[in-house]
K.L.:
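Just dropping this structure here.
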Protein chains: 2
Amino acid sequence: MSDLVEFRHLKYIVAVAEAATITRAAERLFLAQPSLSKQVKDFEDELGFPIFIRTRQGVRITPPGQMIVAYAQEALLKRTKIIAMARAVHRGEVPPFRLGFSSFINPDLLQLFRDAYARLFPDCLIHLSGGDPLHLLHRLEEGTLDGALFPMPIDGQDWVMQQVARDPLVVCMQKEDPLARNAQVSLSDLAERLTIFRDPAVHPSAHNRLMEMLSQVGIVPEVSCSASTPVDIQWMVRAGYGVALIDQRTPIDSALTTRPIAGIHWTADTAFVHHNDADHLALPLVIRFAQEMRKSMSGKKPPLKDQVRPVQLELLA
Amino acid sequence: MSDLVEFRHLKYIVAVAEAATITRAAERLFLAQPSLSKQVKDFEDELGFPIFIRTRQGVRITPPGQMIVAYAQEALLKRTKIIAMARAVHRGEVPPFRLGFSSFINPDLLQLFRDAYARLFPDCLIHLSGGDPLHLLHRLEEGTLDGALFPMPIDGQDWVMQQVARDPLVVCMQKEDPLARNAQVSLSDLAERLTIFRDPAVHPSAHNRLMEMLSQVGIVPEVSCSASTPVDIQWMVRAGYGVALIDQRTPIDSALTTRPIAGIHWTADTAFVHHNDADHLALPLVIRFAQEMRKSMSGKKPPLKDQVRPVQLELLA
DNA sequence: TTCTTCCATAGACAAAAAGTATGGCGGCAT
DNA sequence: ATGCCGCCATACTTTTTGTCTATGGAAGAA
């Protein structure tokens, strides 16, 4: 099919497209004009359509030819780039990727990220730093982190972000809680019992958004307890201070359980974020991997049923 | 540099990586084993590092080799894909791209999109449909649109979206308005005069978001006038009904002017959206183009860098 | 040991890329 | 006009290189 198309051909047509005549392109490539003519012609024969229209003054590009030339430019750049990166990996010149993460993100996600990184950059290290989003953003800004995973939304214009996960937001309660008898929690029950929150100072924009969502369904909760990690939140739930909203895929304490909210489909969204000016060698591939994560995530929508998954993640290997 | 690396090499190393022995890979490729051995070796010499470690049982891949193999697989797929697309363009088999857009998006953006499409798919048509986001989303869902441009945030889980623009939100007023005498509008002045809004029914999530941002700075506006297009909004401003918030890059009536809000950096964000299941031939390239748009946008960001953090319209509601 | 299964090397051959020579065709200046 | 120049195509030769066959070595299995 297209097995006769080689990088050589791509290089040639890019040169021809730039030089606008085959003769001049041949000079630029240190090639005899008939050699180049033939290569271009062979390429066109293989494709099944002309890339260039020959005129007396030189060549003019055809519409599908334009697509091919654009592709060729990109493919050539990418080839040299990947090879340079692989050489750097071989020489052990890839600095550790410094990844920040909020303790509120799903640990599976962090694991997924690490696995993918190990696959893309074998034998290259990841340095993990936990922390609250405001602090992590600051570190991204000052360049002491290369990227971070944390809950959306994220304020600011200097960030490039890529959503990588979306999980239902569910109510976390004691297993013996009367609410746990039903498959779902009603809004009115939630309104009455919801008292435990993530510390607003830890991630103000996410807190505000949650408050907004609650107020839209007529709940103006009393924020009587706030915690800076999911573990602390669960401790408070266990200690009987009330119920809390958590990401469905948070690993939870064995004495606790979760229930969805009736008629509501709120979600906890996670993004991979890096600074506009960040330039870690691995970043381009990491970003593309984050896009894959988003795609695979949107493919399999989580079924809205609660499950207890007491998984403990080993943070540093 | 890497000019000796050809698609042939990529194909070979992918086969070797899959077969785990050079001998079996050679069979699969209908090639003699020494031929394949030599090609792999030549490739490795060119790269400067081994892709495979030879053992008696076959070959094992090296860390940088893994990167190269992963790249090779992708590059080979992409080559055939692009060629197939270009052939389709040549045969005139590309159906028109049905693009929806909200009248509230910046017209430059639509033009940019159309220009890019014309560049990527020369001689291929775009069918444009204006409308309100709820209606456009419905059409995306039923498959009568291939993609759409409209203001964020966007509700729902079935969408793939890509932010493509971010512009400051400014106050639109008559040129003779007393507020126009100052370079900026104070929040208290805004609170008093802001009465004209986009019709909430046109894009409820965006309206709610705006209301939330306003309430965060202590403004609970009276929505006395609503309009379904920027033109109608400007007509109301001109007719003296009050002031309105608009995208800074909206083309405005000659009798009107705009002013930023003091200490506030709200933005109007635009996204390119398509359905999870959409599969227009051009979509992959269009999506990549949308990513470019985002990058170029974040490159020339407005030079605002003071104490008040700009509020981002969240990526996903 | 002996057989098998890998991979590497060497030399012959064939395919294909690059080079040289030449011709046609249409502008352009004389 | 007419002759010159620039551009591309074709025909044929040379050089490069990809592929083949034959063969050897090394390590695990019988």
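Proteins come first, then strands; the chains are lettered A, B, ... in the order of their sequence lines, and each starts at number 1. Basis for what follows: all heavy atoms, side chains included, without hydrogens, waters or symmetry-related copies.
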K.L.:
Does A:Lys38 reach a base, just sugar-phosphate, or nothing at all? Heavy atoms under 4.0 Å.
P.N.:
nothing
K.L.:
Under 4.0 Å between a side-chain N/O of A:Thr55 and OP1 or OP2 of D:dC8, yes or no?
P.N.:
no
K.L.:
With side-chain contact (heavy atoms from CB on, under 4.5 Å) as the test, pick out the partner of A:Ser129 among A:Leu145, A:Thr144, A:Leu99.
P.N.:
A:Leu145
K.L.:
Between A:Gln39 (CD) and D:dA9 (P), how many Å, whole number?
P.N.:
13 Å
K.L.:
Do A:Leu285 and A:Tyr117 have side-chain heavy atoms sitting under 4.5 Å apart?
P.N.:
no
K.L.:
Rounded to whole Å, please give me the gap between NE2 in B:His9 and C1' in D:dG18.
P.N.:
9 Å
K.L.:
Classify the nucleic acid contact of A:Tyr12 as base, sugar-phosphate or nothing, counting any heavy atom under 4.0 Å across all strands shown.
P.N.:
sugar-phosphate
K.L.:
Can you measure B:Gln33 atom CD to D:dG24 atom P for me and round it to whole angstrom units?
P.N.:
15 Å
K.L.:
May I have the distance from A:Asp42 (atom CG) to D:dA9 (atom P), rounded to whole angstrom?
P.N.:
12 Å
K.L.:
Please confirm whether the shortest side-chain N or O distance from A:Arg8 to OP1 or OP2 of C:dA17 is below 4.0 Å.
P.N.:
yes
K.L.:
A:Asp45 has an atom CG; how far is it from atom C1' of C:dA16, in whole Å?
P.N.:
15 Å
K.L.:
Base, sugar-phosphate alone, or nothing: which one does A:Leu36 contact when heavy atoms must sit under 4.0 Å apart?
P.N.:
nothing
K.L.:
To the nearest Å, how far apart are A:Leu4 CG and C:dA17 C1'?
P.N.:
14 Å
K.L.:
Ignoring backbone atoms, establish whether A:Gln57 has a side-chain N or O less than 4.0 Å from OP1 or OP2 of C:dG26.
P.N.:
no
K.L.:
Using the ring centroid of each side chain, check whether A:His280 and A:Phe97 are separated by less than 6.0 Å.
P.N.:
yes
K.L.:
Nearest whole Å is fine: how far is C:dA17 C1' from B:Glu6 CD?
P.N.:
11 Å
K.L.:
Tell me whether the OP1 or OP2 atom of D:dG18 has a side-chain N or O from B:Ser35 closer than 4.0 Å.
P.N.:
no
K.L.:
Is it the case that the side chains of B:Glu27 and B:Thr23 hold a donor-acceptor pair, with the cut-off being a distance below 3.5 Å and no angle test?
P.N.:
no
K.L.:
What is the distance, rounded to the nearest whole Å, between atom CZ of A:Arg56 and atom C1' of D:dC7?
P.N.:
7 Å
K.L.:
Does A:Ser37 make a side-chain N or O approach to OP1 or OP2 of D:dC8 shorter than 4.0 Å?
P.N.:
no
K.L.:
Just checking, is any N or O donor in the side chain of A:Gln39 or A:Arg8 under 3.5 Å from an acceptor N or O on the other one?
P.N.:
yes
K.L.:
Between A:Arg54 and D:dA9, does any side-chain N or O lie under 4.0 Å from OP1 or OP2?
P.N.:
yes
K.L.:
Which nucleotide, D:dA11, D:dC8, C:dC6, lies nearest any side-chain atom of A:Pro34?
P.N.:
D:dA11
